[in-house]
Structure formats: C-alpha cells, structure tokens
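Just so it is clear, the values below take in all heavy atoms, side chains as well, and ignore hydrogens, waters and symmetry mates.
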Amino acid sequence: MTQEKDPDLPSADVTEGPERAPHRAMFRAMGYDDADFSSPMVGVANPAADITPCNVHLDDVADAAVDGVEAGDGMPIEFGTITISDAISMGTEGMRASLVSREVIADSVELVAFGERMDALVTVAGCDKNLPGMMMAAIRTDLPSVFLYGGSIMPGEHEGREITVQNVFEGVGAVASGDMTEDELESMERDACPGAGACGGMFTANTMASISEAIGLAPLGSASPPAESDGRYAVAERAGRLAAECVREDRRPSDILSRESFENAIAVQVALGGSTNAVLHLLALAAEAGVDLDVEDFNTISDRTPKIANLQPGGSRVMNDLHEVGGVPVVLARLLDAGLIHGDAMTVTGRTIAKELEHLGVDGPVEGDVDFLRPVDDPFHETGAITVLTGNLAPDGAVLKITEKDETQHTGPARVFESEEDAMAYVQEGRLESGDVVVIRNEGPRGGPGMREMLGVTAAVVGQGHEDDVALLTDGRFSGATRGPMVGHVAPEAAVGGAIALVEDGDEVTVDVPNRELSVAVSEDELAARREDWAAPEPRYDAGVLRKYGDLFASAADGAVTDPGARRED
C-alpha cells in the first residue's frame, strides 16, 4: 500500500486509496514507487523540439528541473507541448500559426495539469510564444508554479564583430538594394547562430524572460544565463526544487500577481528597450489573472521610466552582455533605488522584490566600464522605449518601440497593402520613396488570423537605408528585432472595420511620437462614407485550427486573448 499524502492535493485523486490501485499500476509501469505516490506531483511542461535552436536543448534543461523536483521530495512528471519557430516561419504564411501557438501551449498545459491532477508546475519555455503561453497556463491553473526559461543563444562572430539573426534579416534588404552581395549575406548566415538558445538580443524571448523575473513568476537572476551554460542548468535545478517548495508553502500565482507586479514588468520592459510583443502578452497575462491593465498604462509607466539599457535591436549588445554584469536583478535594483518599481511586490521565492535583491546581495552599481547600461539619472532616453499612439487611425491604440530617435514626427503618403506578401514584394522591388508610409492591413488577430510578425518587411526597409525616412503601420505585429518608425497592433483591426481598413493610397498619414498620435488626414464624413462601402473580408481559412482560433481572438488592445473568461467586458 502507498503511504498517505495530503488528501487536499489534486494528485490524491489518482494515487490514494484501494480504488486507485489501477492508477498506481499505470504509474508503476513508468518506474514510480510508493515514495513518489506520497509526494506532491510536479508537472514539468517541456516544449522541446528540433524545429528551432530556441528549443533544441530543452530536454537537457527539463532533465535538470526534474532532478530538482526529486531533490525537493517531489514526484516529477514530464510532458510535452508544441512550439513554432518564429524566425523560421517569419515572412511565410506559416507565421500565422505563431500567436495561435501561444494559446495552444496555454490550453495544452492547462489540460494536462487538470486532467492528470497535477499539484504543481515547472513551465519550461524557449521560443517567443512559449514564454507567455507557459505563464498563462500557470495563471489559469493557479497551481504552485515556477517559470523556467531555456536561455538565449550566444552571439555569432562575423568579420570581427558580434551579430545575431537580426543582422541576417536586415542583410536581405541590403542585398535587394545592392549594398551587400549574396556571397556576403551567405557568409553572415553561416556565422549568425552558433548554437542552441533563443535569439540573443532584447527581442521577444529575452524581453519576456526578463519580465518573468520582474513580475515574480521566476526567480531573480534566472533569465540571463546562456542556454548552453552550467548556469542555465543550475537555474533549472533550482526551479524544480522551488516548485516542490511552493507546494509545501501553498504559494500560487494568485499570491504573487498584482497590479504592482504588472507595473514592475512594464517598467523593466521599457527600461530595457524590450519588444512591442510584450505589450500584447502582458495584457493577456493580466486578463488571465484578473488584474486591471490597459494599453494606456504602458504610456504612463514609460513616461516615468527612462531607458537605461542599449541592447539589440537598437544597440549592439545582447543578453549575454547583460548577464556578465549581473543580469536583470541589476536593472531591478537601479529602478528600485530610483523609486520606479514596487519593492513590496511578491516573488515566487516567497520574498518581495526588495527582499530578494537584498538576499542576493544585488545593488544598482556595476563595476567597470559598461557602455550599454546606464544609471537612471544618466539614461539613453529620458522616457521608456514603448509608446502607445492613438488617433483616428487607432482609436484603441497602436504600439511603437523607440530604438533610436525619440522625437519621430513623420507625415507622408500611404502605400496600402492587403497582406505582408504584397508589401514585401513592393519593398524588394525598390519602389519605396523617402517619406512613404507603408500600411499593411488584414493581418490582425482575426483578420490574419494570428497577427503575423513582419521582421522580413521591416528589416528589408531598414536594410535598404530607410530606417528613418519611411514609416510602416499594421494591425499585425513586429518582431522584437524590429527597429525604426514601425507601428503595430493598430486597433481596431481592419477585419472588424477599424479605420485602417478605410485608408486609401495617397492619404496623408501622420506618426507623431511626441504627441502620441496616429492619424490620417481624412475627414470624419469621408471616413463614414468609405465605411458605408466597406465589406468585411471573408476568413482566409474555412476550417482547422487557424479558423477556430481566428474566430476566437479578441482585440490586440485586450491582449488578443481567446479565453472567454479573460475577455474584457466593455
């Protein structure tokens, strides 16, 4: 007979009592024993896959987490879920699956945890949508949970300088404009990605990993150790131990997440120059957690939080550089010292942010010459990197990341495209002119469906020398590696009749960052007349997962959630 365990644990449903003998028999077939049955069951959700370097090593990371669960007297149960490689699907129809994968990951982890009566979770993540998907699952289940990032790739070395995949995407545009040869691009391609791990700049994966610390779902210092390092496996082993501890202490996401923790997450995002995608994902996480968060909150927090880091895509440094000077905790310490984050917000360790920094012995100063991380009183920009624009083109908001100039005021004629492919062909043909505003529509959460990231287009624009004199706006998304005056998440989207659906070639469009405006110089009467002639496009897909999730997506202004319970009631 098995030993007794806490009857209130969900796993008692499948391990306790004579009537559960068949269930235990199934477990015994996998090597579990009586000691396991008396222990809390900790699920290790692992999206390992050979389809992206972000996830190719995650079996090893998950193994270390399993070791930690066992060391913490837990019963580890590893299970898998899917992933999509954003970088490999970028610029193709397959990119429509990316945001859907966030939902599928959250749904699948929730289902396994619920169906198998798990007591706790270690949620492992590699590629971009893994991170919010895993955090959403932890929030939905509200099981004691620890978030575990798989780590980022080391930078490649090309002709004496460090490069990432961002440089390769921009090289495509440089080849099209004649500024780079195909042989040079091929050489760069071979050097850019030297091993396992997520893209190395402060792109979406590293942004969300940094946020996982700031929001309290991951231990401080866990985001920055590289994927293929002893430090990464030490982080993983600790995550397993901590998950078992969280069960014993009954420490859950609902005990950690608060309005203050989300404000901390935004502060870190804008201070680091993080991805615009984090706006979408934080809104989704807040919706799942029942925390009141609005897209305008990003402006409020960005206004008071300076940008103190200069990492790719705007700068030249990567996550490993930040790791070598102390990682995210150093950034948190600087923000805390300046009164820009809430030190009393709770973390997964059971200590507050302030107490955790004290426990780790972390403070704001960094020894030596650090050219990419500045003090709060001497920032790269006085305000943070994320700006939300509104106006008659985006009544519910649109998102822009400031990577270079922070005073962008651009007015020019609209060049309207109904899809990413049409816009890419136009750019690659060299037809862009200084002053143009490229408008790509019907790529939103429902219209895409799936809100494709468009690094291919934006990188091609930059690669052709139009980083500052051509703007681009879309109801789709951009990669975290995007830079320049590129405005995404325009809401309402075209597919539901948003104003972006009514723009015509040649209309004068204004992107005004100082005044937070995104507008088209067309009267309300004219827009109303155009709306009378507008008809909603037919869904791109008649059936299958893209049709199903396309029908479920909410507005980007609400995080593009598909969970009806997480939708905002307006």
Side-chain angles (χ1 to χ4, degrees), residues 98-99 102-103 105-106 123 125 128-140 147 149 202-218 223 253-254 256-305 328 331-332 335 340-342 345-348 353 384-388 396-401 445 451 453 477-480 488-489 491 553-563 566-568:
S98 172
L99 189 59
R102 183 191 75 176
E103 304 301 302
I105 290 166
T123 54
D128 292 4
K129 303 310 172 296
N130 298 178
L131 287 86
M134 289 295 183
M135 286 187 261
M136 288 165 68
I139 294 168
R140 283 189 200 169
F147 177 80
Y149 181 40
M202 193 49 63
F203 310 151
T204 302
N206 281 323
T207 300
M208 292 306 298
S210 301
I211 281 171
S212 73
E213 293 189 31
I215 207 169
L217 293 175
S254 57
I256 297 166
L257 298 176
S258 63
R259 168 75 186 196
E260 289 71 25
S261 60
F262 277 91
E263 290 187 359
N264 288 350
I266 297 172
V268 165
Q269 175 197 5
V270 301
L272 285 173
S275 169
T276 55
N277 283 313
V279 176
L280 191 79
H281 300 323
L282 280 170
L283 289 168
L285 293 176
E288 298 284 0
V291 171
D292 184 19
L293 192 71
D294 187 86
V295 69
E296 280 293 338
D297 290 321
F298 290 82
N299 273 343
T300 301
I301 296 169
S302 197
D303 281 345
R304 70 187 186 219
T305 309
V328 177
V331 177
L332 287 167
L335 297 177
L340 294 172
I341 63 171
H342 303 279
M346 189 56 64
T347 77
V348 70
I353 287 277
I386 296 296
T387 297
V388 175
D396 294 341
V399 181
L400 169 70
K401 178 164 73 171
M451 213 177 175
E453 292 179 6
R477 295 180 296 126
F478 298 127
S479 163
H489 306 205
F553 276 123
S555 170
D558 294 326
V561 294
T562 59
D563 178 4
R567 291 176 185 269
R568 178 182 300 172

How close do [X] and [Y] get, heavy atom to heavy atom, and via which atoms?
| X | Y | value |
| --- | --- | --- |
| Ser210 | Val268 | CB-CG1, 4.2 Å |
| Leu280 | Leu99 | CD2-CD1, 3.8 Å |
| Asp396 | Ala557 | O-CB, 3.6 Å |
| Ala560 | Glu103 | O-OE2, 4.2 Å |
| Gly133 | Ile105 | C-CG2, 3.9 Å |
| Gly559 | Arg102 | O-NH2, 2.9 Å |

Looking at [X] and [Y], would you say the former's side chain and the latter's main chain have a donor-acceptor pair under 3.5 Å?
| X | Y | value |
| --- | --- | --- |
| Ser302 | Ile386 | yes |
| Glu213 | Val328 | no |
| Asn264 | Ile341 | no |

Rounded to the nearest 0.5 Å, what separates atom [atom1] in [X] from atom [atom2] in [Y]?
| X | Y | atom1 | atom2 | result |
| --- | --- | --- | --- | --- |
| Ile353 | Met346 | CD1 | CE | 10.0 Å |
| Gln269 | Ile215 | CD | CD1 | 11.0 Å |
| Ile211 | Leu131 | CD1 | CG | 9.5 Å |
| Thr305 | Leu272 | OG1 | CG | 11.0 Å |
| Ser261 | Ile256 | OG | CD1 | 8.5 Å |
| Phe262 | Phe298 | CZ | CZ | 9.0 Å |

Just to verify, what does Asp297 make a side chain to side chain donor-acceptor pair (under 3.5 Å) with, not counting sequence neighbours? Arg259
Holding to side chain to side chain donor-acceptor pair (under 3.5 Å), I want the full list of residues that pass it with Arg477, two or more places apart in sequence or in another chain. Asn277, Glu453
Are the side chains of [Y] and [X] in contact, using a 4.5 Å heavy-atom criterion?
| X | Y | result |
| --- | --- | --- |
| Met135 | Met208 | yes |
| Glu296 | Val388 | yes |
| Leu217 | Thr123 | no |
| Met136 | Asp563 | no |

I'd like to know whether Ile301 forms a side chain to side chain contact (heavy atoms under 4.5 Å, CB included) with Leu340, so could you lay out the CA-CA distance, the side-chain angles of the two residues, the decisive distance to 0.1 Å, and finally the verdict. CA-CA 9 Å; Ile301 296 169; Leu340 294 172; over 6 Å; no
Let's go through Leu283 and Asp558 carefully: what are the C-alpha distance in whole Å and the side-chain angles of both, what is the deciding distance for side chain to side chain contact (heavy atoms under 4.5 Å, CB included) to 0.1 Å, and is it a yes or a no? CA-CA 6 Å; Leu283 289 168; Asp558 294 326; over 6 Å; no
Does a donor on one side chain and an acceptor on the other come within less than 3.5 Å for Asn206 and Tyr149? yes
Would you check if there is a donor-acceptor pair between the side chains of Lys401 and Thr276 at a distance under 3.5 Å? no
